[in-house]
Amino acid sequence: MMYAERSNIKVFSCNANKKLAGAIAKNLGLNLGASEVTQFSDGEISVKIDETIRGADVFIIQSTSEPVNDNLMELLIMIDAMKRASAERITAVMPYYGYARQDRKARARDPISAKLVANLITTAGADRVLTMDLHCAQIQGFFDIPLDHLVGMPILANYYREKYGDKMDDFVAVSPDLGSVGRTRAFATKLDIPIAIIDKRRPKANVSEIMNIIGNVEGKKVILVDDMIDTAGTITNAANALKERGAVEVDACCTHAVLSGPAIERIQKSAISELVVLNTIELSGTKKIDKITELSVAQIFSESITRIHEGTSISRLFD
């Protein structure tokens, strides 16, 4: 769908992932909206909108990835600027939703930061949110405004189907923990391959211990499936354990490549042959290594923006 002749839809970007934002706008036949997002010398964020947006259907593209707090504030301030400039509707397009792992009180006196972020986005003036693969799907209920939840699994499944074709009979999809079983089952169903599950115990934050593998991986090529990879401890420990238990090759895939701290070093040293990620988070130069293959989500986001603008169903994209 081309919108070049329409003045009532505008796509803007903050600084988190301008490359993805540009690709989404290009798919829509638009230029990114004219704006500047900078910082004053003391770190305060400054937003300038350099074109009229009165009465426009505005989409602001911003992942709240590292630096999480700066990127979140950029989004909030731009939403506020759009609201005060009389935008007709403001949709926060968040390919990656930061703070999603803080979705419940795991201990007494814990905050529920994912809910706080939802409140902030709503209070700033967003009318709608478009995101992909929330760490916990129930976060959709934290919002009092409509939220459209996209899934990246079909993009990943299509990549493996196109790469391996009729050789998929040699593969097993593996969930790295119990929380990812549903996602892995959907992935395996798409490719018509069996699944296995890794049961692990986590003694402390960002440290995982492999305990048991449920299912047969001996002599098989395996694909580890997760929603995000942060420090890569879970996924690399799982890959190494699968190798030790007879897997002949270990690949891995995820939607959100957070890749903080020792992640890249761990992946380089691990048994993972290829890590396939989506570009919901922009990979910096040091994170672009030979083992990592990046796939684009621009098409699915541009199609979703089209459907939001026209008031048609987004769920049909996944039928």
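Here the structure is a predicted model, which is why all the values come from computation and not from measurement. Only heavy atoms go into these numbers, but all of them, side chains included; no hydrogens, no water, no symmetry mates.
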With sequence neighbours left out, the residues meeting side chain to side chain contact (heavy atoms under 4.5 Å, CB included) with L120 are L76, L116
Residues passing the side chain to side chain contact (heavy atoms under 4.5 Å, CB included) test with E294, sequence neighbours excluded, are V277, N279, L283
Taking all non-hydrogen atoms of both residues into account, name the closest pair between [X] and [Y] and its distance.
X: A114; Y: D103; value: CB-CA, 4.1 Å
X: V217; Y: A196; value: CG1-CB, 4.0 Å
X: I272; Y: A252; value: CD1-CB, 4.1 Å
X: A238; Y: L224; value: CB-CD2, 3.9 Å
X: V250; Y: A239; value: CG1-CB, 3.7 Å
X: G152; Y: L278; value: CA-CD1, 3.7 Å

Within a strict 4.5 Å, meaning less than it, do heavy atoms of the [X] and [Y] side chains meet?
X: E88; Y: R54; result: no
X: S304; Y: L317; result: yes
X: M78; Y: C14; result: yes
X: K10; Y: F12; result: yes
X: F187; Y: R183; result: no
X: V276; Y: L156; result: yes
X: M94; Y: V129; result: yes
X: L295; Y: V297; result: no

Answer with yes or no whether the hydrophobic clustering places [X] together with [Y]; edges join I, L, V, M, F, W, Y residues whose side-chain heavy atoms lie under 4.5 Å apart.
X: I79; Y: I45; result: yes
X: I121; Y: I90; result: yes
X: I9; Y: I300; result: yes
X: M168; Y: I195; result: no

For the side chain of N240 and the backbone of A271, is there at least one donor-acceptor N/O pair under 3.5 Å apart?
-> yes
### Query
Between K291 and Q268, is there a donor-acceptor pair closer than 3.5 Å when you use the side chain of the first and the backbone of the second?
yes
Crowding at [atom1], [X] (>12 non-hydrogen neighbours, <6.0 Å):
X: D290; atom1: CG; answer: no
X: R185; atom1: CZ; answer: no
X: R104; atom1: CZ; answer: no
X: D192; atom1: CG; answer: no
X: N31; atom1: CG; answer: no
X: K190; atom1: NZ; answer: no
X: K105; atom1: NZ; answer: yes
X: D166; atom1: CG; answer: no

Distance from [X] atom [atom1] to [Y] atom [atom2], nearest 0.5 Å?
X: I223; Y: T184; atom1: CD1; atom2: OG1; value: 10.5 Å
X: C253; Y: D226; atom1: SG; atom2: CG; value: 8.5 Å
X: L191; Y: R161; atom1: CG; atom2: CZ; value: 5.5 Å
X: L30; Y: I24; atom1: CG; atom2: CD1; value: 11.5 Å
X: I267; Y: L259; atom1: CD1; atom2: CG; value: 5.0 Å
X: R89; Y: T91; atom1: CZ; atom2: OG1; value: 5.0 Å

With sequence neighbours left out, the residues meeting ring-ring contact (aromatic ring centres under 6.0 Å, His included) with F171 are Y164
Sorted by chain and number, sequence neighbours left out, side chain to side chain donor-acceptor pair (under 3.5 Å) with T293 holds for E274
Q.
Please determine whether a side-chain nitrogen of the Lys or Arg among R107 and D110 lies less than 4.0 Å from a carboxylate oxygen of the Asp or Glu.
A. yes
Quiz item: So, K269 and E265, do they make that salt bridge, N to O below 4.0 Å?
Solution: yes
The single option from N69, T64, N15 that satisfies side-chain hydrogen bond (donor to acceptor under 3.5 Å, both in side chains) with E74 is N15
For V258, the hydrophobic cluster (side chain heavy atoms closer than 4.5 Å, chained through members) also holds Y96, M228, I281
Contacts satisfying ring pair (Phe, Tyr, Trp, His ring centres under 6.0 Å) that involve residues 39-83 (not counting sequence neighbours) are none
Review point. Run the side chain to side chain contact (heavy atoms under 4.5 Å, CB included) check on V222 and E249 step by step: do they pass?
Key: CA-CA 6 Å; V222 302; E249 183 179 316; over 6 Å; no
**Prompt:** side chain to side chain contact (heavy atoms under 4.5 Å, CB included) between I60 and L75: does it pass, once the steps are laid out?
**Reply:** CA-CA 8 Å; I60 304 170; L75 175 61; 3.9 Å; yes
In D148, L130, I314, the residue satisfying side-chain contact (heavy atoms from CB on, under 4.5 Å) with R307 is I314
Quiz item: Is there a side-chain hydrogen bond (donor to acceptor under 3.5 Å, both in side chains) between S315 and S313 once you walk through the steps?
Solution: CA-CA 6 Å; S315 63; S313 172; 2.9 Å; yes
